[in-house]
K.L.:
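Right, I'll just put the structure down here and ask away after.
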Amino acid sequence: MLTPLKGKTVIVTGASKGIGKGIAAVFASKGANVAVVSRTMETAEKSAAEIREHGGIVQAFEGDVSSLGSMKKMAEDVAASFGGIDILCSNAGVFPNSSIENMDVNEWDLVMNTNARGTLFAIQACLPYLKTADYGRIILTSSITGPVTGYVGWSHYGASKAAQLGFMRSAALELAPYNITINAVMPGNILTEGLEEMGDDYIKSMAATIPMKRIGSVEDIAYAALFLASKEASYVTAQTIVVDGGQIIPESLDALA
Ligand code: NAP
């Protein structure tokens with residue numbers, strides 16, 4: 001059993017829906033003070049209220065990861081409300097589909113500025129508080145797409161998710177002297193509002209290629225993040241946990257049982 005999170009404050013960026021909301025709900029159920037962050041206060045409030053229905057200390061905050069100023073304000077507000085910051089789940093991300101032939105520089109910038117630069121800004125904003133915590137934890141939501149696999153139309157997305165991991169390895173060295181660890185969860189296909197937009201055919205064909213024969217749940221990711229955030233994970237840094245139902249393992253469709 002992991003040490004309870006009572007008294008620990010966790011920030012989850014991109015927690016208005018999907019994986020972020022799932023992470024926020026699981027951390028709330030484990031007794032943490034949870035800051036639900038979204039670009040708009042209204043969506044953050046809505047998500048926080050839904051999580052709170054199941055109990056827990058959950059508060060909404062506005063924050064755009066593509067703006068350092070916005071992240072700093074968010075971190076300041078969270079620390080003022082809860083008395084500090086112990087854990088940052090840097091989860092916000094976007095995944096528009098665009099072929100290399102048609103990709104506009106603005107699409108490239110949106111994906112990189114949200115997924116990669118957004119990771120930097122969230123960490124920069126939280127760092128002063130994480131440094132004074134008993135022990136600090138940073139958990140990134142990366143992906144199998146980019147670091148391990150590819151998908152047509154996601155070259156920019158894959159680059160941003162691989163960038164997070166390259167960033168993480170050097171960050172771990174800079175953060176270790178402050179007793180802060182940084183690790184990443186690498187989800188496979190997880191059923192979220194974002195993934196639902198890809199359509200039924202995409203979801204069915206993906207599930208068929210996964211050894212566990214299902215798309216993952218947001219809780220599958222949240223529990224991996226929970227371990228990485230725990231006191232017990234104090235000797236784990238710069239590492240990744242792939243949570244994909246075995247999706248990256250088969251060499252071909254014939255290799256699937
Ligand atoms: P989602 O359902 O589309 O949710 C995305 C979240 O990111 C929303 O809460 C959105 O909040 C937030 N967001 C977007 N841009 C933002 C910005 N500039 N500042 C702050 N928040 C922002 O996506 P998801 O599927 O849960 O994905 C979450 C993370 O998991 C992403 O990093 C994604 O790359 C990763 N991931 C997902 C899957 C999957 O299968 N779903 C697989 C691998 C990795 P607002 O719109 O309310 O601001």
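Only a predicted model underlies this, so the values are computations on that prediction, with no experimental measurement involved. Start at 1 and go down the list; that is how both ligands and their atoms are numbered. For reference, positions follow the sequence shown, starting with 1.
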K.L.:
Could you tell me whether T40 and ligand 1 have an N or O pair separated by under 3.5 Å?
P.N.:
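Not met; the criterion fails.
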K.L.:
Which atoms from ligand 1 have a heavy atom of S38 less than 4.0 Å away?
P.N.:
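Ligand 1 atoms under the 4.0 Å threshold to S38: 45 (P), 47 (O), 48 (O).
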K.L.:
May I ask you to check whether Y223 and F27 place their ring centers less than 6.0 Å from one another?
P.N.:
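Between F27 and Y223, which both carry aromatic rings, the centre distance is not below 6.0 Å.
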K.L.:
If you measure from each non-hydrogen atom of K161 to ligand 1, which part falls under 4.0 Å: side chain, backbone, both or neither?
P.N.:
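Only the side chain of K161 comes within reach of ligand 1.
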K.L.:
Between A122, S16, S66, A24, which one has a non-hydrogen atom sitting closest to atom 8 (C) of ligand 1?
P.N.:
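Residue with the shortest heavy-atom distance to the ligand atom: S16.
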K.L.:
Answer yes or no: is there an ion pair linking R214 with D220, defined by an N-O contact shorter than 4.0 Å?
P.N.:
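The answer is yes: the pair qualifies as a salt bridge.
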K.L.:
Supply the atom-to-atom distance F95 CZ to K161 NZ, rounded to the nearest 0.5 angstrom.
P.N.:
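Output value for this atom pair is 8.5 Å.
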K.L.:
Applying a 4.0 Å heavy-atom criterion (strictly less than), which segment of T43 is in contact with ligand 1: side chain, backbone, both, or neither?
P.N.:
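Contact part for T43 vs ligand 1: side chain (C-beta onward).
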K.L.:
Of all the non-hydrogen atoms in the protein, which one sits nearest to atom 1 (P) of ligand 1, and at what distance?
P.N.:
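Result for atom 1 (P) of ligand 1: K17 CE, 3.9 Å.
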K.L.:
Between V37 and V12, does a side-chain contact (heavy atoms from CB on, under 4.5 Å) hold up when you go through it step by step?
P.N.:
CA-CA 6 Å; V37 180; V12 187; over 6 Å; no
K.L.:
Just jot down the ligand 1 atoms closer than 4.0 angstrom to any heavy atom of G63, in number order.
P.N.:
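Selected atoms, number and element: 19 (N), 20 (C).
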K.L.:
Between the candidates C89, S90, A92, which shows the shortest non-hydrogen contact distance to atom 21 (N) of ligand 1?
P.N.:
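The residue whose heavy atom sits nearest atom 21 (N) of ligand 1 is A92.
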K.L.:
With a cut-off of 4.0 Å, which atoms of ligand 1 are near a heavy atom of S143?
P.N.:
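Listed by number with element: 43 (C), 44 (C).
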K.L.:
Any heavy-atom pair between the side chains of L175 and I138 that's under 4.5 Å?
P.N.:
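Yes, close enough: below the 4.5 Å cut-off.
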K.L.:
Does E50 come within less than 4.0 Å of K21, counting only side-chain N to carboxylate O?
P.N.:
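Result for this pair is yes, salt bridge flagged.
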K.L.:
Going by the atom numbers of ligand 1, which of them fall below 4.0 Å from some non-hydrogen atom of G18?
P.N.:
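Per the distance check, 2 (O), 26 (O).
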K.L.:
Tell me, which protein residue and heavy-atom name are nearest atom 36 (N) of ligand 1, and how many Å apart are they?
P.N.:
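Ranked first by proximity to atom 36 (N) of ligand 1 is Y157 OH, 3.5 Å.
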K.L.:
Working to the nearest 0.5 Å, report the span between NZ of K231 and CG of D86.
P.N.:
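K231 atom NZ to D86 atom CG measures 12.0 Å (nearest 0.5 Å).
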K.L.:
So I57 and V34, do their side chains get closer than 4.5 Å, heavy atoms only?
P.N.:
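No, too far: nothing below the 4.5 Å cut-off.
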K.L.:
Return yes when S70 approaches ligand 1 closer than 4.0 angstrom through a heavy atom, no otherwise.
P.N.:
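No; S70 lies far enough from ligand 1 that no heavy-atom distance drops under 4.0 Å.
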K.L.:
Measuring from atom CG of L2 to atom CD of E232, what distance do you get when rounded to the nearest 0.5 angstrom?
P.N.:
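L2 CG to E232 CD: 5.0 Å, rounded to 0.5 Å.
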K.L.:
I'd like to check which ligand 1 atoms, numbered from 1 as shown, lie under 4.0 Å from a non-hydrogen atom of V94.
P.N.:
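Checking each atom against V94, I get 14 (C), 15 (N).
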K.L.:
Report, in ascending order of atom number, the atoms of ligand 1 lying under 4.0 Å from any heavy atom of G188.
P.N.:
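Near G188, meaning under 4.0 Å from one of its heavy atoms, ligand 1 has 38 (C), 40 (O), 42 (C), 43 (C).
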K.L.:
Check ligand 1 against G93 and write out every atom of the ligand that is under 4.0 Å from a heavy-atom position of the residue.
P.N.:
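Those qualifying, in numeric order: 5 (C), 7 (O), 14 (C), 31 (C), 32 (O).
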K.L.:
Pull out every atom of ligand 1 sitting under 4.0 Å from any heavy atom of I19, numbered as shown with elements.
P.N.:
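In order of numbering, the contacting atoms are 26 (O), 30 (O), 36 (N), 37 (C), 38 (C).
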K.L.:
Would you mind finding which of T141, N91, V218 brings a heavy atom closest to atom 31 (C) of ligand 1?
P.N.:
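Of the listed residues, N91 has the closest heavy atom.
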K.L.:
Taking a cutoff of less than 4.0 Å between a non-hydrogen atom of the residue and any ligand atom, is A15 in contact with ligand 1?
P.N.:
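It does; at least one heavy atom falls under 4.0 Å.
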K.L.:
Mind checking whether V65 contacts ligand 1 via backbone (N, CA, C, O), side chain (CB onward), both or neither, at a 4.0 Å heavy-atom cut-off?
P.N.:
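Both the backbone and the side chain of V65 come within reach of ligand 1.
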K.L.:
Hydrogens and angles aside, do Y151 and N97 bring a side-chain donor and acceptor to less than 3.5 Å of each other?
P.N.:
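Not at all, the side chains of Y151 and N97 share no donor-acceptor pair under 3.5 Å.
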K.L.:
Mind checking whether I182 and L140 have side chains closer than 4.5 Å, heavy atoms only?
P.N.:
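Side chain of I182 against side chain of L140, heavy atoms only: contact under 4.5 Å found.
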K.L.:
Could you tell me whether K8 sits above the aromatic face of F82, with NZ or CZ closer than 6.0 angstrom to the six-membered ring centre and within 45 degrees of the axis?
P.N.:
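Verdict for F82: no cation-pi partner in K8.
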